[in-house]
Each structure stands twice: as C-alpha cells, then as structure tokens.
S.K.: 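One structure, pasted below without further comment.
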Amino acid sequence: MPNRRRTAAGLTAAVAVAGAAVLTAAPAARATVVDVNYACETKIGPKGAVSPVDIKAVKSGSGYTITMSFEKGVSDSPIELPKGVMTPRAELVLGGAAEGTVKVKGTPNTVAIPPDTPIAIGTLTGTFTPKTNGKVTFTAGTLTVHALGMDAAVCTPKNNPKPSLELEVTGLSGGDDTPPPAADDGGDDNGSGSELPKTGPLDSALALGTLGGTVLLTGAAGVLWLTRRTAR
C-alpha cells in the first residue's frame with residue numbers, strides 16, 4: 001500500500017507540473033478568421049463581396065511560410081474562365097515589430113470557372129523573413145485576380161479589417177531582446193582603451209628596470225657628446 005500511495009502521489013505531481021507548463025507557455029502565433037469586405041474594380045464594373053480570411057505562419061529555416069486562405073470568392077466573370085488562366089495574388093500589411101508588406105500568390109485554377117460564378121481564390125502562399133524580434137501582425141491588403149492575361153479584378157478592403165495573425169518573433173541575433181555586448185575588461189574607466197596601471201611587485205621591478213635603462217642611456221649619450229666636443 002505505501003508503494004502504491006507514493007506512485008499515485010508521483011503521478012499526480014507530474015500531471016500538475018505538466019499542466020502548469022501548458023498554462024504558462026505563451027503561443028508563438030495567434031490566428032483569427034477575419035471577415036474582409038472587398039471592393040473590387042473589374043473590367044465589367046465595380047464588384048464587392050465579404051470573405052472570411054485566415055492567415056497562418058509556419059517556421060521555415062530563418063523565416064516563415066505564410067498562407068492566406070479565402071472561404072468565399074470575391075468577384076465573378078461574365079464568361080467562362082478555362083482551366084489554368086486565373087492566378088490570384090495579394091499583399092499582407094505588416095504591423096507591430098515589422099513594417100511593409102508580404103506578397104502571397106496562389107496557383108492557377110485547376111478546373112474551369114463557369115460564367116457569373118464567384119471566383120474561388122483558395123490558398124495563397126508567400127515567405128516572411130523577420131529582421132527583428134517582437135510581435136508582428138498580418139492584415140489582409142490588396143487582392144488581385146489575374147485572368148486571361150490581365151488583372152481582371154483589383155480588390156481592396158474597405159472595412160479596415162483587424163489583423164488575421166499575430167506572430168511572436170524571438171531568438172534573432174541582434175534583435176530587440178538580444179543583450180548588449182559585454183564591456184572590454186582591458187579598458188579603463190574613461191573608455192580610452194589604454195591598459196590599467198600595474199601595481200604588483202614584479203611590475204614595479206620591471207618599471208624600475210626600464211627607468212634605470214633610460215638613465216644609463218642618457219648618461220652614455222652625455223659622455224659621448226662631451227667626448228666629441230673635447231675632440232673638437
């Protein structure tokens with residue numbers, strides 16, 4: 001019985017520790033599906049639609065693979081779009097610890113798109129390489145539908161959508177959370193970089209020896225100068 005009680009107590013403690021670790025660990029990324037109200041300028045006039053947008057990030061080498069997914073189409077075509085003639089691309093607006101945009105691009109349509117049917121955007125992919133540590137936000141930006149050799153629709157969000165992804169970037173060398181380099185131990189207090197005075201007995205002996213050598217050289221020079229003057 002005592003052994004069983006000790007085993008049960010050990011298991012309970014292990015579960016408690018694991019639970020605490022899960023509760024205290026902060027997520028590296030937080031994604032939220034955001035409804036984006038797109039206003040599109042097309043070759044057949046203005047169009048508009050609301051599509052839920054999902055943005056995710058997966059670590060890949062020194063950067064991240066970014067995916068942008070649309071649950072609904074945002075425009076349509078008055079004619080059928082044959083297989084392989086439509087390719088979507090978009091820009092994601094960065095915020096927080098980064099600025100600028102990330103470009104993502106989709107693949108050509110694998111099946112024909114019937115006329116007057118919402119164009120399925122699917123998933124767009126791009127790469128984000130951070131330059132500094134900190135929280136980076138990703139927000140849906142301009143979406144372009146390239147079809148039949150032209151930009152058939154250019155869509156911009158008009159509802160000022162919130163970020164779809166918050167990514168916590170850490171561990172970059174030279175980033176914001178990298179400690180400053182240590183001070184040079186060989187420098188003096190005024191930062192001149194000269195060596196500190198040495199005060200040990202051996203150092204004193206060396207200093208005296210150097211001083212003695214200087215005196216002897218000076219004396220020899222004086223004797224040499226007097227000898228030359230007398231010879232004249």
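These numbers were taken from a predicted model, which means no experiment stands behind them.
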S.K.: How about Met150 and Lys43: do any of their side-chain heavy atoms sit closer than 4.5 Å?
M.R.: yes
S.K.: Which value, rounded to the nearest 0.5 Å, describes the distance between Glu166 atom CD and Thr137 atom OG1?
M.R.: 7.0 Å
S.K.: I need the minimum non-hydrogen distance between Ala98 and Val136, along with the two atoms involved.
M.R.: CB-CG1, 3.8 Å
S.K.: Between atom OG of Ser164 and atom CZ of Arg30, what is the distance when rounded to the nearest 0.5 Å?
M.R.: 12.0 Å
S.K.: On the 0 to 90° scale, with breaks at 30° and 60°, tag the Phe138-Phe128 ring pair as parallel, tilted or perpendicular.
M.R.: perpendicular
S.K.: Are more than 12 heavy atoms, taken from residues, nucleotides or ligands other than Lys59, located less than 6.0 Å from that residue's NZ atom?
M.R.: yes
S.K.: Could you pull out the closest heavy-atom pair between Val34 and Pro161, with the gap in Å?
M.R.: CG1-CB, 4.0 Å
S.K.: Which atoms form the tightest heavy-atom contact between Thr142 and Pro157, and what is the distance?
M.R.: N-CD, 4.3 Å
S.K.: Going by side chain to side chain contact (heavy atoms under 4.5 Å, CB included), name the residues that satisfy it together with Thr87, two or more places apart in sequence or in a different chain.
M.R.: Lys105, Pro108
S.K.: Less than 4.5 Å apart, any side-chain heavy atom of Ser51 and any of Val36?
M.R.: no
S.K.: With side chain to side chain contact (heavy atoms under 4.5 Å, CB included) as the criterion, how do Asn37 and Lys158 come out once you've worked through the C-alpha distance, each side chain's angles and the decisive distance to 0.1 Å?
M.R.: CA-CA 6 Å; Asn37 188 356; Lys158 65 178 184 178; 3.2 Å; yes
S.K.: When rounded to the nearest 0.5 angstrom, what distance separates OG in Ser69 from CG in Asp54?
M.R.: 5.5 Å
S.K.: Can a salt bridge be assigned to the pair Asp35 and Lys72 using a cut-off of 4.0 Å between side-chain N and carboxylate O?
M.R.: no
S.K.: Checking the side chain of Thr42 only, and the main-chain atoms of Gly45 only, is there a donor and an acceptor separated by less than 3.5 Å?
M.R.: yes
S.K.: Would you say that Val111 contacts Lys83 through its side chain, given a criterion of any heavy-atom pair below 4.5 Å between the two side chains?
M.R.: no
S.K.: Would you check, one step at a time, whether the test side chain to side chain contact (heavy atoms under 4.5 Å, CB included) holds for Cys155 with Val74?
M.R.: CA-CA 8 Å; Cys155 308; Val74 296; 4.0 Å; yes
S.K.: Would a 4.5 Å heavy-atom cut-off, applied to side chains only, mark Arg89 and Val104 as touching?
M.R.: no
S.K.: Mind checking the OG1-NZ spacing from Thr65 to Lys56? Nearest 0.5 Å is all I need.
M.R.: 14.0 Å
S.K.: Kindly give the heavy-atom pair with the smallest separation between Leu165 and Ala57, and that separation in Å.
M.R.: CD2-CB, 3.8 Å
S.K.: Once rounded to the nearest 0.5 Å, what's the spacing between atom CG of Leu92 and atom OG1 of Thr139?
M.R.: 8.5 Å
S.K.: Do Val169 and Thr132 have side chains that get closer than 4.5 Å, going by heavy atoms?
M.R.: no
S.K.: Quick one: does Asn109's side chain have a donor or acceptor within less than 3.5 Å of a partner on Pro82's backbone?
M.R.: yes
S.K.: Within the side chain of Asn133, is there an N or O that forms a donor-acceptor pair under 3.5 Å with the backbone of Leu172?
M.R.: yes
S.K.: Quick check: are there more than 12 heavy atoms from other residues, nucleotides or ligands sitting under 6.0 Å from CG of Asp116?
M.R.: yes
S.K.: Go through the steps to decide whether Thr123 and Thr67 satisfy the test side chain to side chain contact (heavy atoms under 4.5 Å, CB included), and finish with yes or no.
M.R.: CA-CA 7 Å; Thr123 300; Thr67 57; 4.1 Å; yes
S.K.: So Leu124 and Ile66, do their side chains get closer than 4.5 Å, heavy atoms only?
M.R.: no
S.K.: When you group the ILVMFWY residues by side-chain heavy-atom contacts below 4.5 Å and let the links chain together, are Val154 and Val85 in the same group?
M.R.: no
S.K.: Taking all non-hydrogen atoms of both residues into account, name the closest pair between Ile119 and Met86 and its distance.
M.R.: CG2-CE, 3.6 Å
S.K.: Please walk me through it: do Phe70 and Val53 pass side chain to side chain contact (heavy atoms under 4.5 Å, CB included)?
M.R.: CA-CA 5 Å; Phe70 293 78; Val53 172; 3.8 Å; yes
S.K.: Roughly how far, to the nearest 0.5 Å, is the OG atom of Ser77 from the CD1 atom of Ile44?
M.R.: 6.5 Å
S.K.: Closest heavy-atom contact between Ile79 and Leu148?
M.R.: CD1-CD1, 3.8 Å
S.K.: What I'd like to find out is whether the side chain of Thr156 reaches to under 4.5 Å of the side chain of Tyr38, using heavy atoms alone.
M.R.: no
S.K.: Less than 4.5 Å apart, any side-chain heavy atom of Pro130 and any of Tyr64?
M.R.: yes
